[in-house]
Colleague: 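The structure's right below; bear with me while I get my questions together.
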Amino acid sequence: MTVLGSDPGQILDSYRTCEFATLGKGGAPAAWPTAVERRADGTIALTTSLAFAQKALNIRRDGRVALLFSDPTGSGLSPAPQISVMGRARCPDLVMAGPQGAETYWRRLFERQPHSRSYLSRPMRPLMSWYYLRLLITVEPEEVLLRPPLDELPGDGKPVQARGARALPGAAQLTSLPTAVLAGRDASGAPVLARTRPRPTPAGYLVEVPGDCPVERGSASLLVHRHDEHLNHMYNALVRGDLRPTAEGWLLVPTAVIEPMGSGGPKDALRVLRQAKRATDRYLTRRGLDRPKVEWDRFRALAERS
């Protein structure tokens with residue numbers, strides 16, 4: 001029996017996204033939302049485009065990763081237990097230009113995110129070819145934990161405002177949603193994840209951490225993200241900082257905010273498209289690789305069957 005047994009596995013399969021944490025060059029943990037596929041051998045597969053290859057680069061330096069399935073939007077689960085997974089990942093430097101080897105992953109994505117099928121239309125291909133040039137990441141789970149649903153987290157589930165905290169980095173992002181995901185490190189330096197309700201204070205954000213998340217003092221971050229039931233209208237932001245124990249509990253002192261997609265407006269969308277193309281070209285150039293030709297017909301065949 002694999003680490004991901006039948007019950008946790010079925011719950012995991014229902015989630016549309018999860019939070020995926022890797023370790024940066026200096027050991028700082030960071031998490032981003034992603035879609036995954038649980039495979040028959042018990043591993044978890046996900047992909048990342050060349051335009052956002054930092055996850056892959058991090059894994060090649062240090063394969064320790066964490067995944068948290070905690071946002072049940074679109075899952076149909078009620079209640080929706082959270083699932084925490086810790087393990088090791090690998091990511092070969094093989095650029096995938098077609099769905100071979102990840103057919104189930106792509107088929108499920110086309111089913112759950114219908115609007116992504118439009119990227120395959122001929123008018124969109126020049127703009128979206130970067131989206132289909134991917135790296136495959138495989139995670140070997142080592143520890144799987146079940147946690148209570150989000151409605152059992154401490155607090156009333158409403159975004160919290162606090163006087164004197166508005167000038168903090170990340171105040172606008174962290175107070176726009178009722179929960180965030182803390183990415184920290186345990187005593188060994190491995191990433192750990194926990195969904196929490198940040199409480200802004202003049203000094204930083206107080207976070208409650210479950211007892212099965214052995215977080216330590218040091219570099220950490222808070223991720224907020226959202227999507228609708230069709231994986232549309234996505235938004236995410238990361239607040240980096242330093243996690244410290246205080247008399248009131250764990251406090252994240254913020255230092256920087258990263259919003260990869262901006263606010264989601266038309267200007268931001270154009271900026272992201274330009275940056276994605278440049279980042280893709282840069283990845284290939286640094287490795288002396290020609291730009292692979294996207295296998296549009298294979299992707300379309302999967303999308304149509306979906």
Colleague: Under the side-chain hydrogen bond (donor to acceptor under 3.5 Å, both in side chains) test, which residues partner D281, sequence neighbours left out?
Modeller: K277, R291

Colleague: Tell me if the CZ atom of R298 is crowded by more than 12 foreign heavy atoms within 6.0 Å.
Modeller: no

Colleague: Report yes if the side chains of W32 and T22 come closer than 4.5 Å at any heavy-atom pair, otherwise no.
Modeller: no

Colleague: Please name the pair of heavy atoms, one in S118 and one in M124, separated by the smallest distance, quoted to 0.1 Å.
Modeller: O-CG, 3.4 Å

Colleague: Decide salt bridge (Lys or Arg N to Asp or Glu O under 4.0 Å) for D268 and R271; before the verdict, give the C-alpha distance in whole Å, the side-chain angles of both, and the deciding distance to 0.1 Å.
Modeller: CA-CA 5 Å; D268 285 330; R271 173 183 59 81; 3.6 Å; yes

Colleague: If we only count heavy atoms from C-beta on, is the D93 to R287 side-chain gap below 4.5 Å?
Modeller: yes

Colleague: Taking CD in E229 as the centre, count heavy atoms belonging to other residues, nucleotides or ligands within less than 6.0 Å. Is the count above 12?
Modeller: no

Colleague: In chain order, what residues pass the side chain to side chain contact (heavy atoms under 4.5 Å, CB included) check against R195, with sequence neighbours excluded?
Modeller: E19, L68, S70, D71, Q82, L150, L153, T179, V181, H225

Colleague: Should V239 and I258 be regarded as members of a common hydrophobic cluster, given that ILVMFWY residues are connected when their side-chain heavy atoms come within less than 4.5 Å of each other, either directly or indirectly?
Modeller: no

Colleague: Would you call R64 and D62 a salt bridge, taking side-chain N to carboxylate O under 4.0 Å as the test?
Modeller: yes

Colleague: Listed by chain and number, what are the ring pair (Phe, Tyr, Trp, His ring centres under 6.0 Å) partners of F299, not counting sequence neighbours?
Modeller: W106, Y132

Colleague: Output yes when E248 and R199 qualify as a salt bridge under the 4.0 Å nitrogen-oxygen rule, no when they do not.
Modeller: no

Colleague: I'd like to know whether W296 forms a side chain to side chain contact (heavy atoms under 4.5 Å, CB included) with S129, so could you lay out the CA-CA distance, the side-chain angles of the two residues, the decisive distance to 0.1 Å, and finally the verdict.
Modeller: CA-CA 9 Å; W296 296 108; S129 62; 3.9 Å; yes

Colleague: State whether the number of non-hydrogen atoms from other residues, nucleotides or ligands found under 6.0 Å of M128 atom CE is greater than 12.
Modeller: yes

Colleague: Taking all non-hydrogen atoms of both residues, which atom of T175 and which atom of P200 are closest, and how far apart?
Modeller: CG2-CG, 4.2 Å

Colleague: May I ask you to test the L136-L94 pair for a side-chain heavy-atom distance under 4.5 Å?
Modeller: no

Colleague: Testing the basics here: between P202 and L168, what is the closest heavy-atom pair and its distance to 0.1 Å?
Modeller: O-CD2, 3.7 Å

Colleague: Check whether any side-chain heavy atom of P33 lies under 4.5 Å from a side-chain heavy atom of L223, and answer yes or no.
Modeller: yes

Colleague: Indicate yes or no: does E37 engage R108 in a salt bridge with an N to O separation below 4.0 Å.
Modeller: no

Colleague: Are L127 and L284 linked, directly or through other ILVMFWY residues, by side chains that come within less than 4.5 angstrom of each other?
Modeller: yes

Colleague: Quick check for you: to the nearest 0.5 Å, what is the distance between L135 atom CG and M96 atom CE?
Modeller: 9.0 Å

Colleague: With no hydrogens and no angle check, do the side chains of T73 and H227 hold a donor and an acceptor under 3.5 Å apart?
Modeller: no

Colleague: Are F110 and Y105 side-chain neighbours, meaning at least one heavy-atom pair lies under 4.5 Å?
Modeller: no

Colleague: When you group the ILVMFWY residues by side-chain heavy-atom contacts below 4.5 Å and let the links chain together, are V209 and L252 in the same group?
Modeller: yes

Colleague: Begin with the C-alpha distance, continue with both residues' side-chain angles, and end with the deciding distance and a verdict on side chain to side chain contact (heavy atoms under 4.5 Å, CB included) for T34 and C18.
Modeller: CA-CA 6 Å; T34 188; C18 75; 3.9 Å; yes

Colleague: Side-chain heavy atoms nearer than 4.5 Å, only ILVMFWY residues, links allowed to pass through others: does that put I137 and L109 together?
Modeller: no

Colleague: Should we say atom CG of D151 is surrounded by more than 12 heavy atoms from elsewhere, each under 6.0 Å from it?
Modeller: yes

Colleague: Any Lys/Arg nitrogen of R107 or E111 sitting under 4.0 Å from an Asp/Glu carboxylate oxygen of the other?
Modeller: no

Colleague: Can you name the nearest heavy-atom pair linking L193 to C213, along with the distance?
Modeller: O-SG, 3.9 Å

Colleague: So do Q173 and V257 actually touch side chain to side chain, heavy atoms under 4.5 Å?
Modeller: yes

Colleague: For S221 versus P29, what's the shortest heavy-atom pair and its separation?
Modeller: OG-O, 3.2 Å

Colleague: Please assess T17 against F69 for the test side chain to side chain contact (heavy atoms under 4.5 Å, CB included), listing each intermediate value before the final yes or no.
Modeller: CA-CA 7 Å; T17 60; F69 297 80; over 6 Å; no

Colleague: Between atom CD of Q10 and atom CD1 of I83, what is the distance when rounded to the nearest 0.5 Å?
Modeller: 10.0 Å

Colleague: So which heavy atom on L222 is nearest to which on A180, and how close?
Modeller: CD2-CB, 4.2 Å

Colleague: When hydrophobic residues are tied together by side-chain contacts of less than 4.5 Å, even through go-betweens, does Y205 share a cluster with V215?
Modeller: yes

Colleague: Hey, are the side chains of I44 and T138 touching, using non-hydrogen atoms and a 4.5 Å cut-off?
Modeller: no

Colleague: Is it true that the NZ or CZ of R117 lies under 6.0 Å from the centre of Y119's six-membered ring and within 45 degrees of the ring axis?
Modeller: no

Colleague: Can you check whether R244 reaches V253 side chain to side chain, under 4.5 Å on heavy atoms?
Modeller: yes

Colleague: Does the pair M86 and V192 meet the rule for a side chain to side chain contact (heavy atoms under 4.5 Å, CB included), with working shown?
Modeller: CA-CA 7 Å; M86 295 179 66; V192 292; 3.8 Å; yes

